[in-house]
Amino acid sequence: MSNMNRMNRIIFYEDRNFQGRSYECMSDCPDMTSYLSRCHSCRVESGCFMVYDRSNFMGNQYFMRRGEYADCMTMMNMTDCIRSCRMIPMHRGSYRMRIYERENFQGQMQEMMEDCENIMDRFNMPNCMSCNVMEGHWLMYEQPNFRGRMMYMRPGEYRSFMNMSMGMSGMRIMSMRRIMESCY
């Protein structure tokens, strides 16, 4: 497969069912309002993206892989339309992350290299309040079995989920999953 075919591409539409003006995006877009007054549907042509219901990658997040999303408001239970998006780069190689029970990398620590459906069942760990992503890209979920609100984590240190300005204060992490290249 050539590099041209592997480019990430998402097309946003003002209205449901791919109607109205459109905007094609192949990278991060912190504020869609300069291109569209609203966004209610999209089509992911290739790659994976996180979309956000607030500008500057804030607010509720939704993972989107290749496919058609004719009504984002209903399908993802969004309270507002898509306002920003982040392209998730393809990762080949291993996945590694350390999760911590408390903020600032304190308390019980576990090293993850694979998906975890339930940190309580697997590690007897009641909370996950900080993490260090060493390799790969991950999705963190507030409920076991990859359910509920989610957060996209790329390599870096995350000292406090409570202080992250994503409009998701009070979010507890209970499961996590690797973003694999299968979404391409």
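This chain uses plain numbering: 1 for the first residue, then up along the sequence.
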Between I119 and M176, does a side-chain contact (heavy atoms from CB on, under 4.5 Å) hold up when you go through it step by step?
-> CA-CA 8 Å; I119 63 169; M176 60 253 347; 3.9 Å; yes
Going by heavy atoms in the side chains, are Y95 and M112 under 4.5 Å from each other?
-> no
Euclidean distance, F49 CZ relative to C29 SG, rounded to 0.5 Å | 10.5 Å
Heavy-atom side-chain contact between I179 and H91 under 4.5 Å | no
Would you please name every residue forming a side-chain hydrogen bond (donor to acceptor under 3.5 Å, both in side chains) with E14, sequence neighbours left out?
-> S37
With sequence neighbours excluded, residues passing salt bridge (charged side-chain N to carboxylate O under 4.0 Å, His left out) with R102 | none
Mind checking salt bridge (charged side-chain N to carboxylate O under 4.0 Å, His left out) for R147 and listing every partner two or more places apart, or none if nothing turns up?
-> none
Evaluate the side-chain contact (heavy atoms from CB on, under 4.5 Å) criterion for residues M50 and L139: first the C-alpha distance (whole Å), next the side-chain angles of each, then the deciding distance (0.1 Å), finally the verdict.
-> CA-CA 10 Å; M50 287 305 288; L139 289 176; 3.7 Å; yes
Inter-residue atom distance C42.SG - L36.CG, 0.5 Å rounding = 11.0 Å
Can you sort out the partners of R98 under side-chain hydrogen bond (donor to acceptor under 3.5 Å, both in side chains), two or more places apart, ordered by chain and number?
-> E111
Salt-bridge criterion met for R9 and E24 (N-O under 4.0 Å) | yes
Describe, in one word, how the ring planes of Y152 and H137 are oriented to each other, choosing from parallel (under 30°), tilted (30 to 60°) and perpendicular (over 60°).
-> parallel
How would you list all residue pairs meeting salt bridge (Lys or Arg N to Asp or Glu O under 4.0 Å) that involve residues 126-135, not counting sequence neighbours?
-> R96-E135
Run the side-chain contact (heavy atoms from CB on, under 4.5 Å) check on F161 and R172 step by step: do they pass?
-> CA-CA 8 Å; F161 297 151; R172 224 172 102 160; over 6 Å; no
Atom pair CG/CD1 of N127 and I173 - distance to nearest 0.5 Å | 10.0 Å
Taking E142 for the side chain and R149 for the main chain, is one N or O donor matched with an acceptor at less than 3.5 Å?
-> yes
Considering residues at least two apart in sequence or located in another chain, which fulfil the side chain to side chain contact (heavy atoms under 4.5 Å, CB included) criterion with R177?
-> D115, Y141, F146
With sequence neighbours left out, the residues meeting side-chain hydrogen bond (donor to acceptor under 3.5 Å, both in side chains) with R159 are none
All salt bridge (charged side-chain N to carboxylate O under 4.0 Å, His left out) counterparts of D121, not counting sequence neighbours | none
Starting at CG of N56, measure out to CZ of R83 and round the result to the nearest 0.5 Å.
-> 12.0 Å
Decide side-chain contact (heavy atoms from CB on, under 4.5 Å) for F63 and I88; before the verdict, give the C-alpha distance in whole Å, the side-chain angles of both, and the deciding distance to 0.1 Å.
-> CA-CA 10 Å; F63 177 70; I88 300 173; 3.7 Å; yes
Over all heavy atoms of both residues, which pair between C85 and V51 is shortest? Give the atoms and the distance, please.
-> CB-CG1, 4.0 Å
Does any N or O in the side chain of D31 come within less than 3.5 Å of the main-chain N or O of T33, such that one atom is a donor and the other an acceptor?
-> yes
If you link I, L, V, M, F, W and Y whenever their side-chain heavy atoms are under 4.5 Å apart, who else ends up in the same group as M113?
-> none
Side chains of M97 and Y158: closer than 4.5 Å at any heavy-atom pair?
-> no
More than 12 heavy atoms of other groups within 6.0 Å of M120 CE = yes
Could you tell me which residues satisfy ring pair (Phe, Tyr, Trp, His ring centres under 6.0 Å) with Y35, sequence neighbours excluded, listed by chain and number?
-> Y23
Those residues at least two apart in sequence (or on a different chain) that pass salt bridge (charged side-chain N to carboxylate O under 4.0 Å, His left out) with D28 are R86
Among R21, R38, H40, side-chain hydrogen bond (donor to acceptor under 3.5 Å, both in side chains) partner for D15 | R38
About how many Å separate CE of M140 and SG of C116, when rounded to the nearest 0.5 Å?
-> 9.5 Å
Return the set of residues passing ring pair (Phe, Tyr, Trp, His ring centres under 6.0 Å) with F12 (not counting sequence neighbours), or none when no residue passes.
-> none
Polar side-chain atom of N60 near backbone of D53 as donor-acceptor pair, under 3.5 Å | no
N/O donor-acceptor pair under 3.5 Å between S175 side chain and Q143 backbone = yes
Here the gap from M26 atom CE to I11 atom CD1, rounded to the nearest 0.5 Å, amounts to 10.5 Å
